[in-house]
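Only one structure is covered here, and it is reproduced in the block below.
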Amino acid sequence: MDKAYNFKEAEENLYSKWEEAGYFTPQARFGKGDKDAYSIILPPPNASGKMHTGNVLMVAIEDLLIRWHRMKGDPTVWIPGTDHAGTETQITFEKELKKQGKSRFNYSREEFYSKIKEFVEGNKGEIVQQLRKMGASVDWDRYMFTLDPQVVKTVHETFKKMYDDGLVYRGDYMVNYCVKCGTTYSDVELKHEERQDPLYYVKYERVHKDHGEQYLSVATVRPEPIAEDTHLAVNPKDKKHAKLVGEKVLNPLTGVEMEIIGDEFVDPEFGTGIVKLTPAVDKNDYEVALKHKLPINEVLDLQGKMKGRYEGLSVNDARKKAVEELEQKGLIGKVDEKYMHSVALCKAGHKIEPMILPNWFVKVDAPKKSLKKPALDAVKKGDVKIFPKWQEIKYVRWMEEMRDWPISRQNVWGIRIPVWHRVDGHEVRLWTLFIDKNGQQHQGSIAQHYDNNFSLEEIKAGIQRVLVPFYEEHNQPQIYIGENVPVEGQWIRETDTFDTWFSSGQWPLVTLGYPDSEDFKKFYPTSVLETGWEIIRLWVSRMMMFGYYLTGEPPFKDVYLHGMVRALDGRKMSKSLGNVINPEEYVEQYGVDALRMGLIAGTANGKDFNFPKDRVIAYKHFSNKIWNMGRFLLMMREQWDKEIPRFEDLDKKSLNDEDKKILNGLNKQIEGVEGFLNKFRFADAGEFIYQFMWHEVADSYIEHVKVREDKDVALSVLTHVYMTSLKLLHPFMPFVTEAIYQQMPDHGESIMIEEWPA
RNA sequence: GGAGUUAUAGCUCAGUUGGCUAGAGCGCUUCAUUGACAUUGAAGAGGUCACUGGUUCAAGUCCAGUUAACUCCACCA
């Protein structure tokens, strides 16, 4: 053995040996049957980039659980995959395009899709390499990508089933729309940022001036759609303003009469206690408008240009103009220039405009077949357990509050919604945007395109977007749901793709070959879902809903949520702060085992924690320590010329107190590690072995062995204790333990397939 | 506005159902060292467990309140 442990050599060579020997494929060993099947689905890293520190922690924990169960002899499978991460990947890629002075509209959908695909293939390859490097004992034969054909097939079928069950519907709805990205975001995808904008107090002239003030003052940060407003609102419980309900004022820009309505959503304390209603661009206003059946005048188009009075202007230009006009009329009171308020931003950091657009929705709480109820009850009743327990609160709260889920995304990169709209009839009203053979963009109704002598084939060939206008209840357009276009009639396919989480919500099902594969029968529900707590709402909740909906069972029995790895300065890692830790640097410097074990030691109870650099270094030293313990053991065995009995054959009467003490310690190890792992207390388990091996075996017992007369007994005990400890340690630090194992006497094929000490 | 988490050695953090003479890693001090390992060994310094009150034979641990930090959710025109 070399004097020092060479982690690079071990880490380069061992993985492919394991893989080639087929150790990663599930099999029952030690007489165990399928009843102890153990399965984890790897939360697929985003194919938009490389793996980050959090991914490494995830791999470390899951590989620990997997290797542990595999050694116990359970048929064990860990299924790897990568996620297309629709929106995020498309944004990343569009940024790249922008650097080249191009945009998505320079390409047809197909071209654009294949360009992103190329980009993603590169990332996928890197992620796969990184997973190997981390020692992840995943079964590569079962690898999946979220856009693989069988995934798409299942997702389509689920959508169809849900449609038939009345659990998806198309609705006009106020969505968070980004005019720059050209897509909708769900609430949970947004960020909020504090911004400073002027708050204008606009004066509305009262029609009946017989009681007091001539004007009513209304505070607003967005005066530009005032001309399109039709109503004001006050809180009917507001003593000061209640009497205004039913009164009329004049629109400051158009002079049209506007009625004041009463609704309790108005906060009497804010501003003047009177609000203007612009239902088309404000969520509250929209809901109030629906409730009171007020007209909803569109204010913005999809490009973010104004409609109505300031047709075609940008929001900012329109705002200036509106302020100007109001000032000329003397209808602006005071202006609070330093008004701070929070603004919703999309993933790319653009300002979100609430807009009313047709969208597909998942009905999460339908009276007959609620999706969220079983998913919520399972956790409340303890059928699915969440660790650490306090995270359960977050889950329950979210589930209780969950509203219908918009699943349409205006991305190209994703699974296209399998809905066809019939266009041979009055549906020529459908709005489309397409690019013709010469690269020219055209937008408008299909009827308009026909008037301009474009055929349906030409439109379909260059289609960028289809929008279905609002229809009355009794006049719904004909749609067809399916992969292929129907033979009868003329149809155009929906251009929207599914929200990434709609497909990844079905990930445990598709990876196991739902509904009828052998894997599915054997491994569903999976044993544990291990992931970061920040995607409880985005992902965990959706998997639960789909799991129960499609199979009547939960997708997993336990959920373990690890904390977020923060930077060394205790803050979130972010590019702008420049504090992002690249795990590859640590692998290079300290080795994979040290990094994995260091991270595990940092995450005692699922709380967020600072990247534990000290621990990583400590575990690098530990690798070397145990390596040298092995070296010492071999040396001693060589120097001792008598035969050293196997521990099993040793006459136990020859043991002295020191021997008994260390053997007793070893038994406690076996019990302790198992106990900690069963309770998901990984850091405790790791620290426990660390303390034992270093301070009891090395510092104490080895020193004792040095002075022993009956070295055959002592060395027999030491060999047993050492080898057993290595097995306990293997799931934590797979490379160094295997490297040592290969040097030991009478070693088998691999420590990986050794039996777990019990 | 609502909710959650945290406050323990110089630093980063453990401390599970109350039994603690409060631990680990890193750092620090002194000494040691040729049968493995300087990525070593031995010894040691260092904490009124945020603050105030309460429950208890017993509180770092449970309860109430205060203070501070972080995070999430909802968002106000």
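Order of the sequence lines fixes the chain letters, A, B, ..., with proteins taken first and strands second; residue numbering starts at 1 for each chain.
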Length of the line joining R637(A):CZ and A36(B):C1', which is rounded to integer Å
15 Å

Closest non-hydrogen atom pair, R566(A) against I581(A)
O-CD1, 4.5 Å

Dot-bracket pairing map - RNA chain B, Watson-Crick plus G-U, both contacts under 3.5 Å, | cross-strand
(((((((..((((.....[...)))).(((((.......))))).....(((((..]....))))))))))))....

Are F732(A) and F682(A) near enough that their ring centres are under 6.0 Å apart?
no

Taking CD in E400(A) as the centre, count heavy atoms belonging to other residues, nucleotides or ligands within less than 6.0 Å. Is the count above 12?
yes

For F387(A) and Y560(A), I'd like to know if the aromatic rings sit close, meaning centre-to-centre distance below 6.0 Å.
no

Could you pull out the protein-nucleic contacts involving nucleotides 39-47 of chain B (nitrogen or oxygen on both sides, under 3.5 Å)?
| from | atom 1 | to | atom 2 | distance (Å) |
| --- | --- | --- | --- | --- |
| U39(B) | O4' | H621(A) | NE2 | 3.2 |
| U39(B) | O2 | N624(A) | ND2 | 3.3 |
| U40(B) | O3' | K625(A) | NZ | 3.2 |
| G41(B) | OP1 | W694(A) | NE1 | 2.3 |
| G41(B) | OP1 | D699(A) | OD1 | 3.4 |

With respect to the phosphate group of A77(B), does any side-chain polar atom (N or O) of R222(A) fall under 4.0 Å of OP1 or OP2?
no

Can you list every pair that meets salt bridge (charged side-chain N to carboxylate O under 4.0 Å, His left out) and has a residue in residues 615-627 of chain A, with sequence neighbours left out?
R615(A)-E687(A)

Does F676(A) have its ring centroid less than 6.0 Å away from the ring centroid of F688(A)?
yes

Tabulate protein N/O versus nucleotide N/O from nucleotides 63-65 of chain B, keeping only pairs under 3.5 Å, one per line.
none

Nearest to the side chain of K276(A), which nucleotide is it out of G25(B), A36(B), A77(B)?
A77(B)

When you match V221(A) and M636(A) each to their closest nucleotide on RNA chain B, which lands nearer the 5' end?
M636(A)

Pair Y690(A) + F622(A): ring centers closer than 6.0 Å:
yes

Sequence neighbours left out, what passes side-chain contact (heavy atoms from CB on, under 4.5 Å) with K321(A)? Give chain and number order.
Y310(A), L313(A)

Measure from the side-chain heavy atoms of E687(A) and tell me the nearest of C76(B), G2(B), A24(B).
A24(B)

Do nucleotides 6-16 of chain B as a string where each nucleotide becomes B, S or -: B if the base has a protein heavy atom under 4.0 Å, S if just the sugar-phosphate does, - if no protein is that close.
S-----SSSSB

Answer with yes or no after comparing the ring centroid distance for Y201(A) and Y215(A) against a 6.0 Å cut-off, counting only values under it.
no

